[in-house]
Asker: 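Here it is, the structure in full.
So that the names make sense, note that chain A is the first sequence line, chain B the second, and so on, each numbered from 1.
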Number of protein chains: 2
Amino acid sequence: MHYLIDDTARMPANWREAFPEGLWRRRTEHVAASARLCWVRLLPGELPAQLVPTLNLPANFVILADAPSEAITVQALEVGAAGCCNTYAAPDVLRQVDVVVANGGLWVGRSLLQHVLASTQRILEKKAESAPQDWQLLLSGREITVAQLVGQGASNKEVARQLDIAERTVKAHLTAIFEKLQVRDRLQLSLRINGVRD
Amino acid sequence: MHYLIDDTARMPANWREAFPEGLWRRRTEHVAASARLCWVRLLPGELPAQLVPTLNLPANFVILADAPSEAITVQALEVGAAGCCNTYAAPDVLRQVDVVVANGGLWVGRSLLQHVLASTQRILEKKAESAPQDWQLLLSGREITVAQLVGQGASNKEVARQLDIAERTVKAHLTAIFEKLQVRDRLQLSLRINGVRD
DNA sequence: GCAGCCATTGGACTTTGGTACAAATCCAGG
DNA sequence: CCTGGATTTGTACCAAAGTCCAATGGCTGC
């Protein structure tokens, strides 16, 4: 049997859809030790380390976060959760989590996993510090200028005005930049040159 | 259909049991592009980065290692694999990997995951002190979720798929977010939530 | 000189992002 | 019961972003 421990006002529809027979419980209510899996929903801003010790949970439980983050997930697993996922994850995903956990696995969402693995990779390579501005080496002078402005949030029109060139030219530079840096649009360019890891 | 790309002498019994209809292939042989999942077995001492580029693999493939390690797994995902697991994993586990990958997930074994998460924890502790997220206080739960995804570079379509809602809804949330945070587009939103100062 | 890169621009086009206006459900609190 | 916020979706429309093909002129190095 599945349990959803949730002190918010409304039960997420996707969970109900994933587990039509699942039971909704307040944090103060009892959960059978025989529960197959217990889903614990965090309140906004709450962290697993604050909540979990206050509850009497069965062996298998999973944290549900409305706004999951790397910090929440790591902490969830640290306090014994078998996984952490978005409260609003699709029903298929929820059922998938169930299957993985039932087989003794740990569940971590794809984006987080990539995030974490990317961090690990940097540790393994220890390259992070050596090449802070590698992208500049791949671009021509003008392209660097355009990339910096776009990276700060400027529109094509603004870049054009500031550099006194046609908007069309800005687009041409951007197309070249995207190709050279292997990014698909200005937002990912911004993340790249501002050193935001994802 | 499942394929096992394996140049060793014997086909692992567990794989045969997990996918009775699966096809065993040498590395030189052709794999249908319509393959559901392609399992690639590493030879002893071999690394994914050496092998994968030499093969013509479909979109979804998983690395099988007789002796999996953190290095092998990270490298496997780096070169595009959807997961990495022990060649001799139980049939149930193999089928589980299949399900996860079929749903767009990445699969990483439990022990590796714990290992990697432990490393990540240290980085997070440093990051946590620096930036209190004021913007989160202005948004509803769902809006926070959308803002985070967009801030990481996701397109409207990707956000919609990930949250299992219509693209139109993503736009509605974004319009509300822009208004509340007083930014004009997704790029400036990204700068705001990633704490980039200009 | 000529090949090659850089910077520039145009026209035509497709895709994506964002807004306006509207409306549905659910649920909380008065 | 009714109001108001949160979440969801629709149609339609406009603007911005991005691509493709093509061209010009400047500069450098062989």
Side-chain angles (χ1 to χ4, degrees), chain A residues 4 6-17 24 26 41 43-44 66-67 86-91 136-192, chain B residues 136-192:
Chain A
L4 173 60
D6 179 4
D7 262 11
T8 66
R10 211 178 349 161
M11 186 174 185
N14 53 331
W15 195 86
R16 160 62 61 215
E17 192 182 329
W24 196 26
R26 295 282 140 184
R41 182 176 183 183
L43 295 174
D66 291 10
N86 195 304
T87 305
Y88 306 108
Q136 292 193 351
L137 302 176
L138 299 170
L139 306 182
S140 70
R142 200 60 157 168
E143 286 164 354
I144 291 175
T145 309
V146 172
Q148 285 174 332
L149 290 171
V150 169
Q152 286 163 22
S155 67
N156 289 344
K157 210 182 294 278
E158 287 169 339
V159 173
R161 207 174 28 239
Q162 209 156 331
L163 301 184
D164 196 34
I165 55 179
E167 187 178 339
R168 180 63 190 80
T169 312
V170 177
K171 290 185 177 183
H173 285 312
L174 277 175
T175 300
I177 292 166
F178 296 156
E179 168 64 24
K180 289 182 178 176
L181 298 187
Q182 289 287 293
V183 294
R184 68 172 181 215
D185 56 33
R186 62 203 304 111
L187 183 36
Q188 306 223 330
L189 169 62
S190 168
L191 295 175
R192 172 74 175 276
Chain B
Q136 291 194 353
L137 302 175
L138 299 170
L139 306 181
S140 71
R142 199 57 155 169
E143 285 163 356
I144 291 175
T145 308
V146 172
Q148 286 175 332
L149 290 171
V150 169
Q152 287 162 22
S155 67
N156 290 344
K157 208 183 294 278
E158 287 170 337
V159 174
R161 206 174 32 239
Q162 212 155 335
L163 301 184
D164 196 32
I165 55 179
E167 187 177 340
R168 179 64 187 83
T169 311
V170 177
K171 289 184 175 185
H173 286 310
L174 276 175
T175 301
I177 292 167
F178 295 156
E179 167 66 23
K180 288 182 178 176
L181 298 187
Q182 289 287 291
V183 295
R184 70 175 180 210
D185 57 33
R186 61 203 305 109
L187 183 34
Q188 307 227 330
L189 169 63
S190 168
L191 295 175
R192 173 73 175 276

Asker: Are there more than 12 heavy atoms of other residues, nucleotides or ligands under 6.0 Å from atom NZ of B:Lys157?
Answerer: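 No.
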Asker: Looking at B:Leu191 and A:Gln152, what are the two nearest heavy atoms and their distance?
Answerer: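 Answer, listing the atom of B:Leu191 first, then A:Gln152: CD1-O, 3.2 Å.
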Asker: Using heavy-atom distances to pick each residue's nearest nucleotide on DNA chain D, tell me which of B:Arg168 and B:Leu139 is more 5'.
Answerer: B:Leu139
Asker: Start at the 5' end of DNA chain C and walk down; is the nucleotide closest to A:Glu143 or to B:Lys157 reached first?
Answerer: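 This one resolves to A:Glu143.
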Asker: Using a heavy-atom cut-off of 4.0 Å across all strands, would you classify B:Arg184 as base, sugar-phosphate, or nothing?
Answerer: nothing
Asker: What about B:Arg186: does its side chain form a donor-acceptor pair under 3.5 Å with the base of C:dG17?
Answerer: no
Asker: Which is more 5' along DNA chain C, the nucleotide nearest A:Met11 or the one nearest B:Ser155? Just name the residue.
Answerer: B:Ser155
Asker: Expressed in angstrom and rounded to an integer, what is the separation of A:Asp66 atom CG from D:dT7 atom C1'?
Answerer: 13 Å
Asker: Got a sec, which residues hit side-chain contact (heavy atoms from CB on, under 4.5 Å) with A:Ala172, two or more places apart in sequence or on another chain?
Answerer: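 Checked A:Ala172 against side-chain contact (heavy atoms from CB on, under 4.5 Å); matches are A:Arg168.
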Asker: Please state how far atom CG in B:Leu187 lies from atom P in D:dA15, giving the value in whole angstrom units.
Answerer: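 Going from CG in B:Leu187 over to P in D:dA15 covers 21 Å.
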Asker: Using heavy atoms to find the nearest nucleotide of DNA chain D for A:Phe178 and B:Glu167 separately, return the residue whose nucleotide is more 5′.
Answerer: B:Glu167
Asker: Round to the nearest Å and state the distance from A:Asp6 atom CG to C:dC27 atom C1'.
Answerer: 13 Å
